[in-house]
Structures are given as C-alpha cells and as structure tokens.
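Only one structure is covered here, and it is reproduced in the block below.
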Number of protein chains: 2
Amino acid sequence: MRDDDTNTPAANLALRQSANAREDQDATSKDARPRRKASIRASNESHLLACAEAVFAERGFEGASTALIAERAGLPKANLHYYFPTKLSLYWRVLDDLFEEWNAAASTFDASDDPAQAIGGYVRAKMALSRRRPLGSKVWANEIISGATHMQDILLKRVKPWMESRVTLIERWIEEGLLAPVEPRTLLFMIWATTQHYADFEAQIRALAGKRALSAASFETTTEEVVKMILRASGARSPHA
Amino acid sequence: MRDDDTNTPAANLALRQSANAREDQDATSKDARPRRKASIRASNESHLLACAEAVFAERGFEGASTALIAERAGLPKANLHYYFPTKLSLYWRVLDDLFEEWNAAASTFDASDDPAQAIGGYVRAKMALSRRRPLGSKVWANEIISGATHMQDILLKRVKPWMESRVTLIERWIEEGLLAPVEPRTLLFMIWATTQHYADFEAQIRALAGKRALSAASFETTTEEVVKMILRASGARSPHA
DNA sequence: GTCTATATAGTGATAGAC
DNA sequence: GTCTATCACTATATAGAC
C-alpha cells in the first residue's frame with residue numbers, strides 16, 4: 001500500500017493527508033466515526049511500515065532511528081511510538097509482512113509438475129519480487145547478515161518446512177530423471193542468491209552495469225537469462241520429451 | 001592476522017598482551033624502541049581492524065559503535081580514536097582490506113584460457129574466500145545494501161574495469177563456441193551471488209540446513225556442487241574436446 | 001488521535017594527566 | 001602510547017497538554 005511514496009517527508013505528508021481527507025468524505029453516517037478512526041490508524045500504520053522498511057533497508061535495525069522513520073513519514077516521533085510502542089515491534093511487523101510476500105512467491109513453485117515449469121516459474125516470481133519490493137529484500141538480507149536473531153522463528157517454523165518438502169520433491173524429480181543429480185538445497189540457495197542479488201546489490205549493479213541495466217525492459221531480458229541459466233544448472237528436462 | 005579471536009574482550013586482551021610480550025622479548029637492541037613501538041601500533045591496528053570487521057558485519061556502519069569495537073578489542077575507546085581518528089576512517093580501512101582480498105580472488109579468473117578451468121577456479125576461490133572470511137563478505141554486502149556510498153570509488157575505478165575486461169573475454173569464449181550464449185554480466189552476478197551467499201546468509205543456512213552443512217567436509221562438497229552447476233549454467237566446453 | 005517537552009542512556013570524539 | 005573524564009549531540013521512549 002503506497003509503497004512508492006517513501007522519499008521526501010513533505011510529499012509523504014501531503015499524500016497522507018489527502019488520503020485521510022478522501023476517507024473523511026465517506027464518513028457521513030453515524031457509525032462513521034469509528035470507521036474513520038480505524039482508517040486513520042490503518043493508513044498511518046501502513047505508511048509508517050513502508051517508511052520503516054526503507055530506513056531499515058538502508059541502515060539495518062541498529063542503524064535505523066525511530067526519529068528518521070517518523071520524519072520520512074511526515075509524523076512526529078511520538079506519533080510513531082503511539083502506533084508501535086517500541087522500535088522492535090515496528091521491525092517485527094515489517095519482517096512479518098515480508099514473510100507473507102516470500103510465502104506468496106514460494107507457492108508458485110508448486111504451480112506445475114514439470115520441473116522446468118516449476119523452477120522457471122519460481123525464478124520469475126522471485127525476480128519479480130526483487131523488482132517490485134527491493135527494500136523488503138534488503139531488510140531480510142540485513143536481518144540474516146546480522147545473525148537472524150529476530151527471524152529464528154520464521155526460519156525454523158515456516159521457511160524450513162517449506163524447504164524440506166521442496167527438497168523431497170526435487171529428489172523425486174531427480175529419481176525420475178527429470179533433473180540432473182543436484183544437491184536440492186544447493187539449487188534452492190542458488191536460486192535465492194541469484195534472484196535476490198538483483199534487489200540487494202542494486203547499488204553495485206547500477207555502478208557496474210549502468211542504470212539502464214535496471215530498466216524495465218532490461219530487467220525482463222535479465223529475468224529470462226537467469227531462468228535459462230538456472231534451468232541449465234539444474235539440468236531440467238521436460239517430462240513428456 | 002589473528003582474525004579468529006574476535007569474540008570475548010577478555011580473551012582478546014589476553015591474546016593481544018601476550019602478542020605484545022612476545023614482541024617485547026625481541027626488543028633488546030638499541031634500535032629496538034622504535035621497532036617495538038611500530039609493532040605495538042601494527043598489532044593494535046590490525047587487532048582493531050579485525051574486531052571492527054566483526055562489528056560492522058553484525059550491525060552495519062551506522063549501527064556499529066566505536067565503543068563496542070573498542071570493548072571487543074579489549075581497549076579503551078580513546079585508544080581506538082588514537083589509531084583511527086574517526087569511525088569512517090576505520091571503516092574505510094576495513095573496506096580497503098576487503099577489496100585487496102576480492103582482487104586476489106579475481107586474479108584466479110585469468111589462471112587458464114580454458115573457460116571451464118577459469119570459471120571453475122574462480123568459483124572455488126570465491127567459495128574459499130566466503131569460507132575463510134565470512135565477516136568481510138558481510139561488511140561488503142552491508143555496504144552495498146546501504147547504497148554503496150562509501151564504495152563508489154572502488155566499484156567504479158577498480159571493480160568495473162575488471163568486470164569490463166572479463167566481459168570481453170567471456171564474449172570471445174562465446175564466439176569461439178566454448179560457452180553458451182550467456183549475458184556475461186548475468187553470469188558474473190550469478191557467480192558472485194551464489195558464492196557470497198554462503199558467507200552472507202550463513203545464519204539462514206545454519207537454520208535451514210543445520211550446522212553440519214557448514215562443516216569443512218560438507219563445504220568442500222558444496223563447493224564442487226556449485227562449480228558443477230555454474231559450469232552447466234554457462235555451458236562451458238573444453239577447448240580441446 | 002496529535003504533538004511539545006523531556007527523562008535517561010548512549011553516541012562520536014577530545015582533553016589532558018600519566 | 002594509555003586511559004579517565006568529559007563534551008556536545010543523538011538515541012529510544014514517555015508524560016501530559018491539547
């Protein structure tokens with residue numbers, strides 16, 4: 001929600017206020033008051049979450065300050081602490097949000113029984129996610145680099161089970177001769193690393209390959225290039241060929 | 001130098017002092033004084049650099065504090081500022097150090113005219129570096145994620161020229177039919193992303209694959225698995241086959 | 001639900017005795 | 001070359017008027 005207006009505090013404030021105003025117009029009936037309040041809360045919270053994602057991405061958890069997040073959101077710091085009592089509670093909400101997106105992309109892995117389709121589709125979904133929400137990917141990366149102290153639960157209870165079942169699936173594909181005898185986890189790590197690189201190492205890619213390399217058209221081409229290379233790496237064959 | 005004693009301040013102090021004592025024993029001649037002083041400086045500086053690398057890796061530049069770095073080194077904060085006037089100067093020294101290692105690994109790319117040898121050797125060198133100095137890789141990753149503001153010079157003047165010439169080389173291999181028609185930069189990014197993942201995402205790998213996955217023997221196997229997959233992805237053929 | 005003012009602790013950096 | 005004491009500043013978080 002409004003995840004592209006995280007730059008100047010002034011612009012943010014203007015957007016935020018017009019959004020509130022729009023919601024106020026609908027609030028004409030008797031029961032409007034609680035609905036409007038709820039809307040204000042929802043609007044401010046999601047706006048703060050978007051700004052927090054940007055600041056956590058740029059400076060990590062310890063380096064981020066609630067003052068800077070509030071400033072970007074065009075709100076006083078005390079307001080931020082009204083919605084999110086502690087910096088950690090705000091951070092957790094951001095991480096939780098990110099996992100939901102991760103999970104949505106993960107589900108594309110099961111879209112087909114054909115390994116080339118499944119893996120190709122998953123790589124495309126991960127590349128699209130890197131493109132659409134690079135800041136989120138950076139927050140995740142920062143969290144893992146810093147030791148993943150706040151993500152042990154997500155990793156162990158949510159990500160690990162997903163990985164285990166996908167490992168089993170990949171092993172079956174190998175047995176059926178549809179994939180080269182790869183180590184399934186190594187393949188999955190390679191997919192994650194390569195696709196997330198286009199979000200996390202954006203600044204390096206820009207410096208080395210020029211910003212045109214990150215244009216929409218170029219990103220499409222790169223995505224298909226990555227798909228091709230990952231499929232070759234995994235030795236995927238069509239089941240009916 | 002002593003890059004594995006960055007855990008407890010007490011242990012660090014003990015090691016540091018015994019190192020100094022060892023150096024003091026050699027300082028018996030007249031001209032020993034300046035040499036001993038130089039040794040103290042060199043020893044303290046490199047010890048501080050090692051501890052700084054660990055703290056910058058865990059918390060990023062903004063999140064790291066000179067107090068914490070000094071504490072890990074078993075030195076008072078004022079001492080750190082005696083050797084490194086500002087936090088930024090310390091950070092730059094760490095980045096500079098890291099680039100030297102990056103550069104050493106990069107040179108392995110030119111060890112052979114055979115693309116399979118060159119690429120395979122480079123992947124092994126990068127995996128070995130991830131294994132030997134994961135904290136350094138994390139500092140680099142953190143710096144790029146945060147926008148690479150302090151690394152523009154290194155990226156543009158050192159990394160980019162290296163990449164350009166390697167792109168030309170890869171394009172020649174493709175013309176000669178020794179490589180599949182891949183986009184050279186996409187291949188290089190894939191190599192970097194995949195190999196550095198084993199350093200930067202250590203915590204995630206540990207959580208998902210268990211710590212035995214990061215044992216020495218397992219890492220060797222994984223390295224060869226990664227080499228195999230990258231070579232397949234690039235479609236490398238031997239020039240004399 | 002908003003926001004000024006502030007409590008308390010930590011920050012980078014320095015002075016100056018040893 | 002070492003280290004205590006301290007400066008000016010910023011951090012998270014809260015109180016309490018509006």
Between atom [atom1] in [X] and atom [atom2] in [N], what is the gap in whole Å?
X	N	atom1	atom2	value
A/Arg59	C/dT11	CZ	C1'	13 Å
A/Asn79	D/dT12	CG	P	16 Å
B/His47	D/dG1	NE2	P	16 Å
B/Leu48	D/dC3	CG	P	12 Å
A/Leu80	C/dT4	CG	P	15 Å
A/Leu75	C/dT4	CG	C1'	15 Å

Min side-chain heavy-atom separation A/Leu49-A/Leu90 under 4.5 Å: yes
Intermediate values then yes/no, salt bridge (charged side-chain N to carboxylate O under 4.0 Å, His left out), A/Arg93 and A/Glu53: CA-CA 10 Å; A/Arg93 279 284 302 274; A/Glu53 187 171 307; over 6 Å; no
Salt bridge flag under 4.0 Å for residues A/Glu58 and A/Lys138: no
Salt-bridge present (B/Asp96, B/Arg158; N to O < 4.0 Å):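 A salt bridge is absent here (no side-chain N lies under 4.0 Å from a carboxylate O).
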Contact pattern, 5' to 3', of nucleotides 12-18 of chain C - B, S or - by protein heavy atom under 4.0 Å: BBBB---
Candidate pair B/Trp92 and B/Phe56, rule ring-ring contact (aromatic ring centres under 6.0 Å, His included), full reasoning: CA-CA 11 Å; B/Trp92 275 335; B/Phe56 285 133; over 10 Å; no
Side chain of B/Ile40 (C-beta onward), nearest among C/dG1, C/dC3, D/dG1: D/dG1
Donor-acceptor side-chain pairing of B/Trp140 and A/Gln204 below 3.5 angstrom: yes
